[in-house]
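Everything on this sheet refers to the single structure shown next.
Residue numbers run from 1 in the order of the sequence given. Computed from a prediction, not measured in an experiment: that's the story for all the values here.
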Amino acid sequence: MKEKEIIDGQPLDTEENEINGNTDCQCDKDCEKPADTDTQTAENDDDADNVAESAPTEIEKAQKEIEELKDKYLRTVAEFDNFKKRTLKEKADLILNGGEKTIVAILPVLDDFERALADKTEDPVAIKEGMELIFKKFNKTLEGMGVKKIETEKCDFNVDYHEAIAMVPGLGDDMKGKVIDCVQTGYTLNDKVIRHAKVAVGQ
């Protein structure tokens with residue numbers, strides 16, 4: 001008879017336990033690991049399948065977004081090109097026909113000149129009156145377009161509006177720096193000087 005092994009102070013008949021099938025396996029936990037490993041492997045396979053299924057969807061989404069951005073870019077470029085062409089055309093038309101409004105405004109004055117020349121009168125008074133009427137009408141037309149005469153009479157000399165072409169000495173201190181005479185009238189257009197008045201100034 002085999003000797004009984006003693007574990008934790010209790011006799012243990014190894015042979016008897018083996019025969020009766022009562023052998024305790026201390027690696028039960030380790031024996032369960034293969035099953036857990038199989039489950040984890042299956043889960044990993046499922047995750048891989050999910051990634052494989054979602055990857056094409058993400059790529060298709062990115063490609064669709066790229067196509068949309070490309071279409072938007074091409075439309076923007078085309079719109080800008082059309083805008084540039086339209087702007088250049090309008091600029092060319094403005095340069096070519098920019099004086100149309102002015103010409104239309106002064107045509108009535110030209111009509112008055114034609115009628116005055118067609119008149120065969122030799123009366124100097126009537127001719128002078130007719131010229132004065134045309135002159136006033138022309139001035140009024142210019143004022144309507146923003147053109148104004150630069151005042152020079154009894155004004156102080158101002159380099160912003162006047163151009164001195166002569167200095168007149170011996171007029172006293174009161175006339176020093178004053179406009180004595182206007183040789184050529186100056187004009188402004190919407191408060192911008194388009195021609196300085198040429199004047200003589202007291203010295």
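- Here NZ of Lys84 is found 10.5 Å from CG of Asn82. Values are rounded to the nearest 0.5 Å.
- Taking every heavy atom of both residues into account, Val201 and Ala164 meet most closely at CG2-CB, 3.8 Å.
- With a 4.5 Å cut-off on side-chain heavy atoms, Val199 and Glu163 do not count as touching.
- The minimum heavy-atom distance linking Met167 with Gly202 is given by the pair CE-O, 4.3 Å.
- Contact annotation: the side chain of Phe138 never approaches that of Glu143 to less than 4.5 Å [non-hydrogen atoms, C-beta and beyond].
- Note: the hydrophobic cluster containing Leu133 does not contain Met131 (ILVMFWY, side chain heavy atoms under 4.5 Å, direct or indirect links).
- Remark: Ile106 CD1 to Asp112 CG distance equals 12.0 Å, nearest 0.5 Å.
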Exercise. So Lys101 and Val104, side chain to side chain contact (heavy atoms under 4.5 Å, CB included) or not? Walk me through it.
Worked result: CA-CA 5 Å; Lys101 183 178 179 181; Val104 171; 5.9 Å; no
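- Atoms CD and CD1, on Gln203 and Ile180 in that order, are 11.0 Å from each other to the nearest 0.5 Å.
- In the displayed structure, Glu100 atom CD is contacted under 6.0 Å by at most 12 heavy atoms of other residues, nucleotides or ligands.
- Within a 6.0 Å sphere centred on CG of Asp123, heavy atoms belonging to other residues, nucleotides or ligands number more than 12.
- Once rounded to the nearest 0.5 Å, the distance linking NZ of Lys148 with CG of Leu142 reads 13.0 Å.
- Enclosure of atom CG in Asp160 by more than 12 non-hydrogen atoms of other residues, nucleotides or ligands within 6.0 angstrom is indicated.
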For this session: Given side chain to side chain contact (heavy atoms under 4.5 Å, CB included), test Leu171 with Lys178 step by step and report yes or no.
Result: CA-CA 10 Å; Leu171 297 178; Lys178 297 282 188 179; over 6 Å; no
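- Of all non-hydrogen atoms in Cys182 and Ala197, the two that sit nearest each other are SG-CB, 4.5 Å.
- Transitive grouping of hydrophobic side chains (ILVMFWY, heavy atoms separated by less than 4.5 Å) brings Ile103 and Phe113 into a common cluster.
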For this session: Start with the C-alpha gap between Ile194 and Thr188, add the side-chain angles, then the distance that decides, and say whether side chain to side chain contact (heavy atoms under 4.5 Å, CB included) holds.
Result: CA-CA 5 Å; Ile194 57 176; Thr188 60; 5.8 Å; no
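- Asp119 has no carboxylate O lying under 4.0 Å from a charged side-chain N of Arg115, or vice versa, which leaves the two without a salt bridge.
- Across all their heavy atoms, Arg195 and Gln184 have their closest contact at NH2-CG, 3.7 Å.
- In Glu68, the CD atom is crowded: over 12 heavy atoms of neighbouring residues, nucleotides or ligands sit closer than 6.0 Å.
- Hydrophobic clustering keeps Leu189 apart from Tyr161 (ILVMFWY residues linked when any side-chain heavy atoms are closer than 4.5 Å, directly or through intermediates).
- Counting only heavy atoms from C-beta outward, the side chains of Asp156 and Val179 never approach each other to under 4.5 Å.
- The closest side-chain heavy-atom distance from Tyr187 to Lys149 is below 4.5 Å.
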For this session: Take Glu67 and Gln63 through the test side chain to side chain contact (heavy atoms under 4.5 Å, CB included) and record every step on the way to the result.
Result: CA-CA 6 Å; Glu67 290 296 328; Gln63 289 177 343; 5.6 Å; no
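- Here the closest heavy-atom approach between residue Ala105 and residue Thr141 is recorded as O-CG2, 3.4 Å.
- Around CE of Met145, the count of heavy atoms belonging to other residues, nucleotides or ligands within 6.0 Å exceeds 12.
- Annotation: the span from Ile127 atom CD1 to Glu132 atom CD amounts to 12.5 Å, rounded to 0.5 Å.
- Tracing side-chain contacts under 4.5 Å through hydrophobic residues (I, L, V, M, F, W, Y), one never reaches Leu110 starting from Phe135; they form parts of separate clusters.
- Counting only distance, with no hydrogens or angles, the side chain of Asp81 and the backbone of Val77 share no donor-acceptor pair below 3.5 Å.
- One distance of note links CG of Asp71 with CD1 of Ile66; it measures 13.5 Å at 0.5 Å rounding.
- Open room surrounds CD on Glu122; 12 or fewer heavy atoms of other groups in view lie less than 6.0 Å from it.
- Proximity of Ile134 to Val109: side-chain heavy atoms (C-beta onward) are separated by under 4.5 Å at one or more points.
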